[in-house]
Amino acid sequence: MTSITNDLLYDELFIAGEWCPSVSGRRIPILNPATGETIAEVAYGGRDDTRMALDRAAEALPAWARLTAVERARFLRRWYDLILSHIDELAAILTAEQGKPIREARAEIAYGAQFIEWFAEEGKRAYGEIIPTNLPGRRLLTIKQPVGVTAAVTPWNFPMAMIARKVGPAMAAGCPMVIKPASETPLSALALAGLAVQAGVPEGVLSVIPGPGSEVGDELATNKTVKAISFTGSTEVGKRLMAQAAGTVKKVALELGGNAPILVFDDADLDTAVDGVMASKFRNAGQTCVCANRIYVQDGIYEDFISKFNAAVQSMTVGDGLDADTDQGPLINDEAVAKVEHHIADAVSRGATVTTGGGRHGLGGTYFEPTVIVGATSEMAVAQEETFGPLAAVFRFKTEAEGIAQANDTPFGLAAYFFTRDLARAWRVGEGLEYGVVAVNTGSFSYEGAPFGGVKESGVGREGSAHGIEEFLDIKYMCIDGLETE
Ligand code: SIN
């Protein structure tokens with residue numbers, strides 16, 4: 001076991017203000033993907049722990065919901081300040097359990113904190129409406145109210161920010177939340193809970209239960225106390241959760257797989273395009289739902305793009321995320337490495353060529369070389385499913401219509417990108433892409449004030465922005481009669 005000294009390192013379940021072992025006594029080792037060493041042995045919860053947390057959340061609900069949005073915002077604001085003043089400790093924990101470069105970890109903490117701040121303020125703007133009446137003596141209006149107890153199931157690729165963008169709006173709306181963090185990365189979630197205690201967040205408003213999806217996740221998705229569940233992760237698990245949630249007709253917000261395309265048109269600025277593809281493809285070693293998975297490059301710019309892009313990828317530094325000059329850390333586990341290897345082997349067997357990287361990195365473990373393949377085509381596995389790793393697959397296309405058709409040729413629809421300097425094309429292509437987010441001339445678009453979410457099998461609902469809080473609010477229509485004045 002490696003010991004990391006950090007005041008925010010907790011290893012018990014967090015249930016309603018208490019740090020406690022799991023009912024079963026089970027614990028799970030949390031591994032540092034950079035070294036394979038155990039960082040901590042964390043309590044591993046099950047159904048009983050989850051039910052306990054839900055009961056405590058239900059007890060906390062009335063008082064939390066009754067506070068004004070301004071009062072709730074004060075708790076959230078204190079939490080936000082504490083997160084930012086502990087950014088170094090939080091980033092160290094995040095990199096240790098997840099592997100991403102420390103500067104990306106710091107960026108994630110800052111990004112996550114912004115959701116807490118944004119929604120603290122947005123809670124104050126959860127406006128209802130006055131509806132012009134249809135009858136004299138009657139007035140019609142709507143108010144928005146918290147849905148009740150909520151749950152979040154969050155992924156390992158953003159162990160902090162994906163929690164913040166669920167719990168921020170839930171708490172701002174007046175809803176307690178029980179969180180199941182990914183089993184690989186529960187330490188960031190527990191550290192956040194530790195700071196929530198310091199911020200004075202009342203007991204029961206927040207609980208964190210690391211544990212298996214088959215127990216904690218299932219309980220959250222089926223328990224009738226939970227009125228809304230928000231999930232970020234694979235489409236396969238999202239579909240199962242949606243079906244489970246149907247049993248008690250919960251609200252669901254699902255942010256699922258992506259298979260994002262990037263189109264580089266002939267008229268693009270080459271440097272902007274290369275920078276944008278690098279930023280999108282290699283963020284978190286290719287392990288985000290919005291990483292470019294299919295890079296479509298038009299004929300006229302193809303050769304120039306390939307040569308500049310290969311040079312940029314070859315200049316990347318692979319290493320332990322804690323080293324300041326690391327551009328790409330290790331992958332999360334062996335399964336992730338196996339998927340990248342499978343996509344490369346499948347592509348090569350169908351005619352693609354590896355132009356950079358192509359195999360496991362000399363550092364060993366789960367380190368993988370940043371890789372480029374050219375000559376990718378639609379029947380390859382890499383075209384059909386997300387690699388979720390540092391493999392850039394480049395496809396070639398001729399016309400705008402062909403590029404859009406190929407980009408849309410997937411059951412997924414989370415994020416798409418394209419590069420062009422033609423304003424008319426920017427509108428045409430932007431409107432033609434079947435995605436929840438379309439980024440033009442940039443490889444990074446994430447911002448707490450903008451709606452994030454997918455169409456097709458990439459999910460339902462939106463996170464961030466004024467829309468994000470709606471997932472945790474019910475609309476109540478009030479019809480008030482008997483208001484005749486004479
Ligand atoms: C994700 O991979 O789902 C999150 C990416 C982001 O919010 O930028």
- Message: Rounded to the nearest 0.5 Å, what separates atom OG in Ser230 from atom NZ in Lys250?
- Response: 13.5 Å
- For Lys224, does the NZ atom sit with more than 12 other heavy atoms under 6.0 Å from it, leaving out its own atoms? no
- Query: Are any of the side-chain nitrogens in Asp48 or Arg51 under 4.0 Å away from the carboxylate oxygens of its partner?
  - Reply: yes
- Query: Ion pair present between Glu59 and Arg56, side-chain N to carboxylate O less than 4.0 angstrom?
  - Reply: yes
- Query: Can Thr222 and Thr248 be said to form a side chain to side chain contact (heavy atoms under 4.5 Å, CB included), step by step?
  - Reply: CA-CA 7 Å; Thr222 53; Thr248 47; over 6 Å; no
- Message: Quick check on Glu335: does its CD atom have over 12 non-hydrogen neighbours (other residues, nucleotides or ligands) under 6.0 Å away?
- Response: no
- Query: At what distance, to the nearest 0.5 angstrom, does CZ of Phe14 lie from CD1 of Ile179?
  - Reply: 9.5 Å
- Task: Side-chain contact test, heavy atoms from C-beta onward, threshold under 4.5 Å: evaluate it for Val23 versus Met52 and give yes or no.
- Result: yes
- Tell me yes or no: between the side chains of Asn223 and Thr225, is some donor less than 3.5 Å from an acceptor? yes
- Are there more than 12 heavy atoms of other residues, nucleotides or ligands under 6.0 Å from atom CG of Asn134? yes
- Task: Check whether any side-chain heavy atom of Val237 lies under 4.5 Å from a side-chain heavy atom of Phe231, and answer yes or no.
- Result: yes
- Message: Between Ile28 and Ser183, is there a side-chain heavy-atom distance shorter than 4.5 Å?
- Response: yes
- Message: Go through it in stages, so that I can follow the logic: the residues are Val438 and Phe445, the test is side chain to side chain contact (heavy atoms under 4.5 Å, CB included), and I'd like the CA-CA distance, side-chain angles, deciding distance and then a yes or no.
- Response: CA-CA 9 Å; Val438 174; Phe445 55 78; over 6 Å; no
- Task: Report yes or no: do Gln98 and Asn157 form a side-chain donor-acceptor pair below 3.5 Å?
- Result: no
- Message: Is it the case that the side chains of Thr387 and Asn293 hold a donor-acceptor pair, with the cut-off being a distance below 3.5 Å and no angle test?
- Response: yes
- Message: Quick one, Asp218 and Val216 - any side-chain contact, counting heavy atoms below 4.5 Å?
- Response: no
- Positive for side-chain contact (heavy atoms from CB on, under 4.5 Å) with Ile102, one of Asp323, Asp320, Thr95, Thr326: Thr95
- Message: With rounding to the nearest 0.5 angstrom, report the SG to CG distance, Cys20 to Leu13.
- Response: 5.5 Å
- Query: How far apart are the C-alpha atoms of Thr272 and Phe419, what are their side-chain angles, what is the distance that settles it, and do they pass the side chain to side chain contact (heavy atoms under 4.5 Å, CB included) test?
  - Reply: CA-CA 8 Å; Thr272 306; Phe419 292 83; 4.2 Å; yes
- Separation between CG (Asn441) and CZ (Arg421), nearest 0.5 Å, reads 9.0 Å
- Task: Flag yes if more than 12 heavy atoms outside Met316 fall under 6.0 Å of its CE atom; otherwise flag no.
- Result: yes
- Item | side chain to side chain contact (heavy atoms under 4.5 Å, CB included) between Leu206 and Trp79, intermediate numbers included | CA-CA 12 Å; Leu206 172 73; Trp79 197 18; 4.1 Å; yes
- Query: What's the shortest heavy-atom distance between Thr154 and Pro181, and which atoms?
  - Reply: OG1-CA, 3.3 Å
- Message: Could you check whether Lys227 pairs with Asp474 (Lys NZ or Arg NE/NH1/NH2 to Asp/Glu carboxylate O, under 4.0 Å)?
- Response: no
- Message: Looking at Glu471 and Lys251, is any side-chain nitrogen of the basic one under 4.0 Å from a carboxylate oxygen of the acidic one?
- Response: no
- When every non-hydrogen atom of Ser465 is compared with those of Ala450, the smallest separation belongs to CB-C, 3.5 Å
- Message: Less than 4.0 angstrom from a charged side-chain N to a carboxylate O is my criterion; do Lys144 and Glu470 meet it?
- Response: yes
- Message: Looking at Glu215 and Arg47, is there a salt bridge between them, counting it only when a charged N and a carboxylate O are closer than 4.0 Å?
- Response: no
- Is there a donor-acceptor contact under 3.5 Å linking the side chains of Ser458 and Lys456? no
- Task: Report the distance from atom OG1 of Thr235 to atom CG of Asn259, rounding to the nearest 0.5 Å.
- Result: 10.0 Å
- Heavy-atom closest pair, residues Leu8 and Ala191: O-CB, 3.4 Å
- Would you please indicate if the ring centroids of Trp156 and Phe388 are separated by under 6.0 Å? yes
- Message: Within the 4.5 Å heavy-atom criterion, are Glu457 and Thr410 side-chain neighbours or not?
- Response: no
- Item | Parallel, tilted or perpendicular, as decided by the 30° and 60° cut-offs, for the rings of Phe115 and Phe119 | parallel
- Smallest heavy-atom separation, Ala91 atom then Ala105 atom, equals O-CB, 3.7 Å
- Task: Answer yes or no: is there a side-chain heavy-atom contact under 4.5 Å between Phe418 and Leu433?
- Result: yes
- Query: Do we see a donor-acceptor contact under 3.5 Å between the side chains of Tyr44 and Ser24?
  - Reply: no
- Message: For Glu236, is the CD atom crowded, meaning more than 12 foreign heavy atoms sit under 6.0 Å from it?
- Response: no
- Item | 4.5 Å side-chain heavy-atom contact, Leu414 and Leu256 | no
- Task: Kindly say whether the aromatic ring centers of Trp64 and Phe75 come within a distance under 6.0 Å.
- Result: yes
- Can you run down the salt bridge (Lys or Arg N to Asp or Glu O under 4.0 Å) pairs that involve residues 163-190, sequence neighbours left out, and say none if there aren't any? Arg165-Glu255, Arg165-Glu463, Lys166-Glu463
- Task: Mark yes or no: Lys100 above the aromatic ring of Phe158, with NZ or CZ under 6.0 Å from the six-membered ring centre and no more than 45 degrees from the axis.
- Result: yes
- Query: Does a salt bridge link Asp327 with Arg103, judged by any charged N lying under 4.0 Å from a carboxylate O?
  - Reply: yes
- Close side-chain approach of Glu117 to Glu122, heavy-atom, < 4.5 Å: no
- Note on the structure: Paired with Glu97, the side-chain contact (heavy atoms from CB on, under 4.5 Å) test is passed by just one of Leu187, Asn32, Leu31, Ile332, namely Leu187
- Task: With rounding to the nearest 0.5 Å, note down the distance linking CG in Asp49 to CD1 in Ile15.
- Result: 5.0 Å
